[in-house]
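Side-chain atoms are counted along with the backbone in the values below, which use heavy atoms only and exclude waters and symmetry mates. Index from 1, following the sequence.
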Amino acid sequence: QVQLVESGGGLVQAGGSLRLACAAAGRTCSSDGRGWGREAPGKEREFVAGISWITMTYYADSVKGRFTISRDNAKNTVYLQMNSLKPEDTAVYYCAAGGGTYYRSKEDYTYWGQGTQVTVSS
């Protein structure tokens with residue numbers, strides 16, 4: 001009932017920036033938490049950023065100070081602004097929705113998108 005479509009991934013040099021967006025379609029409640037996870041080959045999915053419906057935010061230590069999550073509830077869209085990118089940020093980034101009142105970990109989410117590749121060159 002919920003579809004998530006990520007966009008904005010690509011190739012960027014270290015120190016550069018990318019802005020990811022995720023539009024949700026279906027029966028997504030605006031009060032749900034939204035977030036972003038990432039997965040590198042051979043590694044488990046890491047939850048990197050989450051946001052509640054009143055815009056309380058969470059960031060993994062690995063991205064804190066460099067990434068900013070935001071949301072536009074009217075558009076059912078969540079964004080991830082990624083600055084000062086590092087090669088270790090290279091991963092497939094997945095949009096998450098359906099977090100209800102919770103937003104701080106990957107276990108809080110019901111729905112995940114198909115992902116968008118982010119590659120940071122050194």
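For Arg38 and Tyr94, the positive end is not near the middle of the six-membered ring at less than 6.0 Å and at most 45° from its axis.
Judged by distance alone, with hydrogens and angles left aside, the side-chain atoms of Thr90 form no donor-acceptor pair with the main-chain N or O of Glu88 at under 3.5 Å. A donor-acceptor pair under 3.5 Å is formed between the side chain of Arg71 and the backbone N or O of Ser52. Side chain of Tyr59 to backbone of Arg66: no donor-acceptor contact under 3.5 angstrom is found.
Contact check for Asp72 versus Tyr79: side-chain heavy atoms found under the 4.5 Å cut-off. Two residues are said to be in side-chain contact when any heavy atoms from C-beta on lie closer than 4.5 Å; Thr116 and Leu20 meet this criterion. Side-chain contact between Leu80 and Tyr93 is present, with heavy atoms from C-beta onward closer than 4.5 Å. Looking at heavy atoms from C-beta onward, Thr110 lies out of side-chain contact with Val2 at the 4.5 angstrom threshold. Considering only heavy atoms from C-beta on, Phe67 comes within 4.5 Å of Leu85 through its side chain. Side-chain atoms of Asp32 and Trp53, non-hydrogen and from C-beta on, never get closer than 4.5 Å to each other.
Using modelled atom types and a 3.5 Å distance limit, the side chains of Ser70 and Gln81 yield no donor-acceptor pair. A side-chain donor-acceptor contact under 3.5 Å links Gln117 and Thr119.
Residues meeting the side-chain hydrogen bond (donor to acceptor under 3.5 Å, both in side chains) test with Asp108, sequence neighbours left out: Ser105. Remark: Glu107 pairs with no residue by the salt bridge (Lys or Arg N to Asp or Glu O under 4.0 Å) rule, at least two apart or across chains. Residues passing the side-chain hydrogen bond (donor to acceptor under 3.5 Å, both in side chains) test with Tyr109: none are found, sequence neighbours excluded. Partners of Gln114 by side-chain hydrogen bond (donor to acceptor under 3.5 Å, both in side chains), not counting sequence neighbours: none found. Annotation: side-chain hydrogen bond (donor to acceptor under 3.5 Å, both in side chains) contacts of Lys86 (sequence neighbours excluded): none.
Considering every non-hydrogen atom in both Leu4 and Cys22, the closest pair reads CB-SG, 3.9 Å. Closest non-hydrogen pair, Trp36 versus Glu6, comes out as CZ3-CG, 3.8 Å. Here the closest non-hydrogen pair linking Val118 and Met82 is CG2-CE, 3.8 Å. Counting all heavy atoms, side chain and backbone alike, Val78 lies closest to Cys95 at CG1-SG, 3.8 Å.
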Distance-only donor-acceptor pairs under 3.5 Å for side chains of residues 9-19, two or more places apart:
from, atom 1, to, atom 2, distance (Å)
Ser17, OG, Asn83, OD1, 2.9

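To the nearest 0.5 angstrom, Thr57 atom OG1 is 8.0 Å from Ile69 atom CD1.
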(request) Test salt bridge (charged side-chain N to carboxylate O under 4.0 Å, His left out) on Lys106 and Glu39 and set out the steps. (result) CA-CA 12 Å; Lys106 60 185 179 183; Glu39 188 171 328; over 6 Å; no
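Residues Trp112 and Tyr103 fall within the same hydrophobic cluster, defined by Ile, Leu, Val, Met, Phe, Trp and Tyr side chains chained together at heavy-atom separations under 4.5 Å.
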